Amino acid sequence: MAVDTRVGQTIKHHDEEYKVIGTRPIRHDGLEKVTGEARYGSDINLPGQLHGKVLRSPHAHARIVSIDTSRAEALDGVRAVITSAAFPDPGDKLTGGGEAPGLPLKFKSANMLARGKVHYHGHAIAAVAAANPHVAAEALKLIDVEYEVLDPVLEVWDAMKSDAPVIIEDLYTARADGTTAEEPSNVAAEMLYEVGDVDAGFAEADLVVDREFTFGVVHQGYIETHNATAHWLKDGHLHVWCSSQGAFTIRQELADLLDHPITKIHVVPMEIGGGFGGKTTAYLEPLAALLSRQTGHPIKMAMDRADVLKATGPTPGGYVRVKLGVTNDGMITAGYANLAFDAGGYPGSVVGAGCRCVFAPYNMPNAKVEGFDVVVNKPKTHAYRAPGATHAEFASETVVDEICRTLDIDPVEFRLKNSAKEGDWQLAMPPYPRIGHIECMEAARDSAQWQTPLETAPGKKRGRGIASGFWFNIGFTSSVTAKLNSDGSVTLLEGSTDIGGTRTSIAMQFAETLGISVEDVDPIVADTDSVGQTDVTGGSRVTFATGLAAHNAANDMKDQIVEGLADLWDVAADSISHADGTFSANGKSATVGEAAGLLEEEGVFPIGKNTVTPTREGGAFAVHIADVEVDEETGKVEVLRYTAVQDAGVAIYPPYVEGQMQGGVVQGVGWALNEEYVYDDDGHLLNASLLDYRMPTALDVPNIETIIVEVPNPGHPYGVRGVGEVPIVPPPAAMANAIHDATGVRMSHLPMSPARVQAALAAEA
Amino acid sequence: MATVHIPTPMREATNGAARVEIEGATVREVVAGLEASYPGLGGRLVEDGQLRPGLSAFVDGANVGRRLRTRLQPESELFFVEALGGG
Amino acid sequence: MATEIQSGKVHVQTTINGESVDFLAEPRESLLEVLRDNLGLTGAKEGCNNGNCGACNVVMDGVLVNSCCVLSVEAAGASIETIEGVASPEGLHPLQQSFLENAALQCGVCTPGFIVAAKALLEENPDPTEYEVRWWLAGNLCRCTGYDKIVRAVLDAAERMRAEA
């Protein structure tokens with residue numbers, strides 16, 4: 001059966017019918033983006049602007065003995081040079097808002113410009129402002145830095161050894177029980193999550209599979225490099241233009257790092273060229289601000305690609321061990337996992353989230369998971385799409401596949417039998433609410449791909465794999481202000497930077513609630529002075545949380561229209577009904593547009609607004625199927641066919657839900673097959689370019705078939721679950737299981753690059 | 001009485017109990033009650049009457065973050081969980 | 001033509017999107033820098049500055065190039081087409097319309113490069129196969145879409161353009 005994947009399949013587990021939700025309008029900001037008129041961070045130029053550049057460490061681990069900037073300052077065209085001395089002393093303060101509140105501010109400050117010591121190759125040392133970028137680059141070469149080079153430690157298993165060089169001399173492990181270690185080490189934190197009796201669970205098992213996995217560092221790979229433009233006025237007002245995932249987060253970080261009043265900081269979100277978790281924190285913004293304060297001119301800064309790869313936060317490499325016990329009839333009795341992730345040069349990896357996702361698709365009465373956050377001489381790691389989940393579930397879903405093979409149980413049947421469902425155990429969390437893992441697995445089982453036998457070809461090694469994935473999704477805070485115009489159209493101000501069509505998914509929820517068309521809503525991404533608090537575009541939260549704020553704002557506007565009409569029509573407000581965008585009472589009626597006109601004459605202009613911090617995100621599950629062909633000679637793996645199934649709750653804007661699924665799959669395929677930071681023994685990153693850090697091209701992947709499953713999230717009026725992150729979780733495991741199906745070889749490292757697959761095949765033979 | 005689920009590594013402070021019952025009409029009152037009843041939890045789950053930085057409270061399945069004024073039902077169930085970020 | 005003047009800058013005369021354009025550039029400046037910073041044509045984007053991502057694609061004398069790898073002085077006497085010249089006063093190019101209707105963009109930063117590259121493809125091959133589209137666009141990186149909807153949009157536009165031809 002041919003499947004039209006442009007309009008992918010949707011399988012509904014609800015009876016709701018909507019007018020706007022679920023349709024496929026053209027996105028509001030599309031026109032500017034296909035004509036090149038949309039303005040991204042680097043597209044801004046201000047009068048009198050100077051250009052900034054950053055000097056970066058050539059060493060992975062070194063003490064800074066001295067920095068002499070005098071030769072650089074003397075160069076014609078150079079206007080300012082700053083080092084970490086330009087930052088206020090962070091003291092013992094903790095970071096404020098943002099994604100990881102409560103970490104020592106001194107680490108974040110030292111990651112902006114190194115303080116006394118460099119922690120990784122590419123660590124920022126100094127910044128220069130000059131008349132143009134070329135002069136600034138020349139000036140960097142004139143900054144004399146004397147280093148005392150130290151031994152680097154690059155991998156978590158080395159960094160955790162008792163005789164490892166300690167990177168941060170005053171870092172004492174925060175233990176899981178809340179106590180602190182007495183001796184400094186590279187282990188920033190330990191975590192422990194436990195449920196039931198894991199020893200008793202393993203004793204009940206007929207089969208125990210215990211495997212270890214390792215991971216290279218991967219980067220989010222957004223196409224737009226980091227940039228920032230700042231103008232510090234003489235009265236202390238600081239204006240910043242940047243393409244961050246969160247303008248409010250940047251504002252908070254600037255206030256913390258520069259010890260500057262938040263009311264004086266104004267951040268303007270420009271269009272953003274991808275983020276995937278990598279643009280949730282400041283890098284250049286504080287430097288541009290300080291250089292602007294020093295010179296009195298606006299400062300524009302942009303990283304080149306090598307800077308991005310060397311010195312922004314990739315997602316961790318590390319180690320995962322998974323041990324699962326099952327009975328002969330395929331019931332899981334116990335699970336144990338141990339995860340050690342590299343935090344990079346400063347504490348704070350995503351290992352905790354990984355720990356809590358590792359067994360998430362399954363109902364496991366007995367489980368124990370230990371986690372370690374480990375400092376190494378690599379860039380400070382950050383979130384990447386479902387942070388931590390991909391590593392963790394690559395390991396567990398590979399072990400599940402091995403169990404199915406060993407016991408000769410169908411992998412779909414095994415997962416259905418053991419699936420987590422509403423009310424079941426969730427590690428260190430309240431029991432699951434209504435979730436859709438079973439519905440996704442059934443949809444995968446019934447999919448065209450699963451129902452079509454894998455085509456064999458003489459002399460070709462082909463295989464099929466399946467894997468599940470889970471990610472929590474995040475709520476955080478969102479705000480919307482909606483203004484009713486006199487023609488009945490609505491200008492909708494929202495604070496979420498739009499990375500993939502969310503202006504429209506938010507506007508659609510507003511339109512649905514007020515009963516107008518989505519074309520009559522004009523969604524605007526507003527700056528930090530013009531809309532209420534809105535946290536990062538991340539955690540798959542925008543359509544969920546900012547959409548909820550839009551729904552609430554529409555109801556607020558509706559109430560104001562009703563109040564105005566009640567006055568005008570001289571009826572009680574509660575006698576006015578609202579259906580399909582028409583208000584009526586006592587034989588009188590008015591559409592939203594007519595009401596707007598009537599109210600305008602009375603001098604009434606409704607403004608609906610809402611700030612919301614939703615509390616029930618509703619987790620997201622995905623099930624993916626991969627067909628691959630393995631070239632035995634080269635070890636290259638080709639994806640022949642791919643189906644992604646995902647519970648979207650209710651898909652507000654289906655083409656962009658499909659787009660998130662397809663994009664997540666291809667990022668996951670890149671992680672599975674190619675992408676990895678390559679370091680030499682001294683900790684130099686060897687592949688800091690897009691030629692050598694090889695992301696998938698159009699030629700590397702097939703079309704990605706999508707099946708949206710709709711199991712509404714009871715925590716949202718329209719049933720929304722976030723969709724952005726979970727589709728990156730299953731691909732590596734689905735690919736590994738397919739490679740095993742094709743060759744009989746189990747891969748235990750990501751990426752499963754040609755050389756590694758070839759070596760594994762040779763070892764097997 | 002609200003039921004508070006104690007994370008495994010902190011159960012030493014509750015003499016091994018995985019769940020404890022604490023009187024309180026709000027999360028704040030329960031947090032104060034926990035600190036008073038189980039001094040060992042001081043500085044681990046709670047610090048000066050506040051949740052330790054980086055922790056979120058879940059009340060009956062709802063993630064209420066650090067909003068300590070959240071009201072509880074007599075049968076409410078509380079979890080204290082490390083806050084998550086996302087990509 | 002290009003004339004070196006005293007400041008060390010070079011005076012370059014070229015044609016961009018059918019208009020005659022003059023600019024002064026340092027010999028080390030790339031065409032991408034001049035388009036974006038001197039001429040205000042910011043539709044071409046810098047993603048890598050070494051020819052690996054295609055976000056800066058323009059067409060120079062009929063050849064698809066990465067403008068980050070072309071020195072601006074090489075533009076002298078050439079005819080250059082950028083994303084800003086793809087739509088006409090009458091409306092969008094079928095590729096632009098098709099990208100919108102097929103939801104073939106997410107963050108949109110690679111989109112100008114893809115449209116310029118796809119337009120060059122369809123001028124050379126008005127009826128490409130899916131494989132030919134993927135092969136031609138392999139020089140353009142997109143990190144958001146997984147390429148599926150982009151490839152469909154190009155095939156869809158090709159079909160529309162053939163129908164109109």
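Every chain is numbered from 1 and lettered A, B, ... according to where its sequence line falls, protein lines coming before strand lines. Note that these values count all heavy atoms, side chains included, but never hydrogens, waters or copies made by symmetry. All values reported here derive from a predicted model rather than from experimental measurement.
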Asks: For chain A, which candidate among C:Glu84, C:Glu26, C:Glu130 shows the most heavy-atom pairs at distances under 4.5 Å?
Replies: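 Ranked by contacts with chain A, first place is C:Glu130.
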Asks: Checking heavy atoms, do the side chain of A:Asp498, its backbone, both or neither come under 4.5 Å from chain C?
Replies: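 It is neither, since no heavy atom gets under 4.5 Å.
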Asks: Taking every non-hydrogen pair under 4.5 Å, which of A:Asp43, A:Val666, A:Leu690 racks up the most with chain C?
Replies: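 Of the candidates given, the most pairs with chain C belong to A:Asp43.
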Asks: What part of A:Glu271 lies closer than 4.5 angstrom to a heavy atom of chain C: side chain, backbone, both or neither?
Replies: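 Looking at A:Glu271, nothing touches chain C.
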Asks: Looking only at atom types and distance, does a side-chain atom of C:Arg134 sit under 3.5 Å from a main-chain N or O of A:Ala698, one as donor and one as acceptor?
Replies: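 Such a contact is found between C:Arg134 side chain and A:Ala698 backbone.
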Asks: Taking the side chain as every heavy atom from C-beta outward, state whether A:Leu699 and C:Tyr131 have any atom pair closer than 4.5 Å.
Replies: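 Touching, per the 4.5 Å side-chain cut-off.
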Asks: Could you pull out all donor-acceptor pairs under 3.5 Å where a side-chain atom in residues 90-100 of chain C meets a protein atom, sequence neighbours excluded?
Replies:
{"unit_1": "C:Glu90", "atom_1": "OE1", "unit_2": "C:Ser88", "atom_2": "OG", "d": "3.3"}
{"unit_1": "C:His93", "atom_1": "ND1", "unit_2": "C:Leu95", "atom_2": "N", "d": "3.0"}
{"unit_1": "C:Gln96", "atom_1": "OE1", "unit_2": "C:His93", "atom_2": "N", "d": "2.9"}
{"unit_1": "C:Gln96", "atom_1": "NE2", "unit_2": "A:Val34", "atom_2": "O", "d": "2.8"}
{"unit_1": "C:Gln97", "atom_1": "NE2", "unit_2": "C:Glu101", "atom_2": "OE2", "d": "2.9"}
{"unit_1": "C:Ser98", "atom_1": "OG", "unit_2": "C:Asn102", "atom_2": "ND2", "d": "3.1"}
{"unit_1": "C:Ser98", "atom_1": "OG", "unit_2": "C:Ala153", "atom_2": "O", "d": "2.7"}

Asks: Atom CD of residue position C:Glu159 - does it have more than 12 heavy atoms of other residues, nucleotides or ligands inside 6.0 Å?
Replies: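 Result for CD/C:Glu159: open.
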Asks: Can you tell me how far the CD1 atom of A:Ile223 sits from the CG atom of C:Leu141, to the nearest 0.5 Å?
Replies: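 Here the interatomic distance stands at 5.0 Å.
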Asks: Keeping the roles fixed (side chain from C:Arg143, backbone from A:Phe276), state whether a donor-acceptor pair exists under 3.5 Å.
Replies: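 Checked: no pair found.
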Asks: Which atoms of A:Val701 are under 4.5 Å from chain C, going by heavy atoms: the side chain, the backbone, both sets, or neither?
Replies: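 Contact with chain C is through both the backbone and side chain of A:Val701.
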Asks: Output yes when C:Glu46 and A:Arg305 qualify as a salt bridge under the 4.0 Å nitrogen-oxygen rule, no when they do not.
Replies: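 So C:Glu46 does not pair with A:Arg305 through a salt bridge.
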Asks: Where is the tightest heavy-atom contact between A:Thr225 and C:Gly47, given as atom of each residue plus distance?
Replies: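 Nearest heavy atoms, A:Thr225 then C:Gly47: CG2-O, 3.7 Å.
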Asks: What part of C:Asn49 gets within 4.5 angstrom of chain A, counting heavy atoms only: side chain, backbone, both, or neither?
Replies: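 Looking at C:Asn49, nothing touches chain A.
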Asks: May I have the step-by-step check of side chain to side chain contact (heavy atoms under 4.5 Å, CB included) for C:Arg28 and A:His134, ending in yes or no?
Replies: CA-CA 9 Å; C:Arg28 63 184 170 186; A:His134 294 282; 3.1 Å; yes
Asks: Check whether C:Asp148 reaches the backbone of A:Ile704 with its side chain - one donor and one acceptor, N or O, closer than 3.5 Å.
Replies: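 It does hold such a pair.
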Asks: Please state whether the side chain, the backbone, both or neither of A:Ile272 comes within less than 4.5 Å of a heavy atom of chain C.
Replies: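 It is the backbone, since no side chain atom gets that close.
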Asks: Heavy-atom distance under 4.5 Å to chain A: side chain of C:Ala138, backbone, both or neither?
Replies: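 When you check distances to chain A, atoms from both the backbone and side chain of C:Ala138 fall under 4.5 Å.
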Asks: Rounded to the nearest 0.5 Å, what separation is found between the CZ atom of C:Arg36 and the OG atom of A:Ser42?
Replies: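 It is 6.0 Å, given to the nearest 0.5 Å.
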Asks: Below 4.5 Å, heavy atoms only, C-beta onward: do A:Asn703 and C:Arg152 meet side chain to side chain?
Replies: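 A side-chain contact exists here, since the closest heavy-atom pair is under 4.5 Å.
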Asks: Got a list of side-chain donor-acceptor pairs under 3.5 Å for residues 103-114 of chain C, not counting sequence neighbours?
Replies:
{"unit_1": "C:Gln106", "atom_1": "OE1", "unit_2": "A:Gln660", "atom_2": "NE2", "d": "3.4"}
{"unit_1": "C:Gln106", "atom_1": "NE2", "unit_2": "A:Gly659", "atom_2": "O", "d": "2.9"}
{"unit_1": "C:Gln106", "atom_1": "NE2", "unit_2": "C:Cys144", "atom_2": "O", "d": "3.3"}
{"unit_1": "C:Thr111", "atom_1": "OG1", "unit_2": "C:Gly108", "atom_2": "O", "d": "3.2"}

Asks: When rounded to the nearest 0.5 angstrom, what is the spacing between CD1 in C:Ile115 and NZ in A:Lys33?
Replies: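 The NZ atom of A:Lys33 is 12.5 Å from CD1 of C:Ile115, to the nearest 0.5 Å.
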Asks: To the nearest 0.5 Å, how far apart are SG in C:Cys48 and CG in A:Leu309?
Replies: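 Nearest 0.5 Å value for the SG-CG distance: 10.5 Å.
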Asks: Please classify the contact of A:Pro25 with chain C as side chain, backbone, both or neither, using a heavy-atom distance under 4.5 Å.
Replies: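 Nothing of A:Pro25, per the 4.5 Å heavy-atom cut-off to chain C.
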Asks: Side chains of C:Asn50 and A:Leu691, heavy atoms from C-beta outward: is any pair under 4.5 Å?
Replies: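 C:Asn50 vs A:Leu691: side chains apart.
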Asks: Can you tell me if CG on C:Asp22 sees more than 12 non-hydrogen neighbours from other groups inside 6.0 Å?
Replies: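 Yes, the 6.0 Å shell around CG holds more than 12 heavy atoms from other groups.
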Asks: What part of A:Tyr653 is in contact with chain C, defined as an atom under 4.5 angstrom from a non-hydrogen atom: side chain, backbone, both or neither?
Replies: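 Contact with chain C involves no heavy atom of A:Tyr653 at all.
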Asks: If you measure from OG1 on C:Thr145 to CD on A:Glu658, what distance do you get to the nearest 0.5 Å?
Replies: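 CD of A:Glu658 is found 12.5 Å from OG1 of C:Thr145.
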Asks: At what distance, to the nearest 0.5 angstrom, does CG of C:Asn38 lie from CG of A:Asn45?
Replies: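 Rounded to the nearest 0.5 Å, the CG-CG separation comes out at 10.0 Å.
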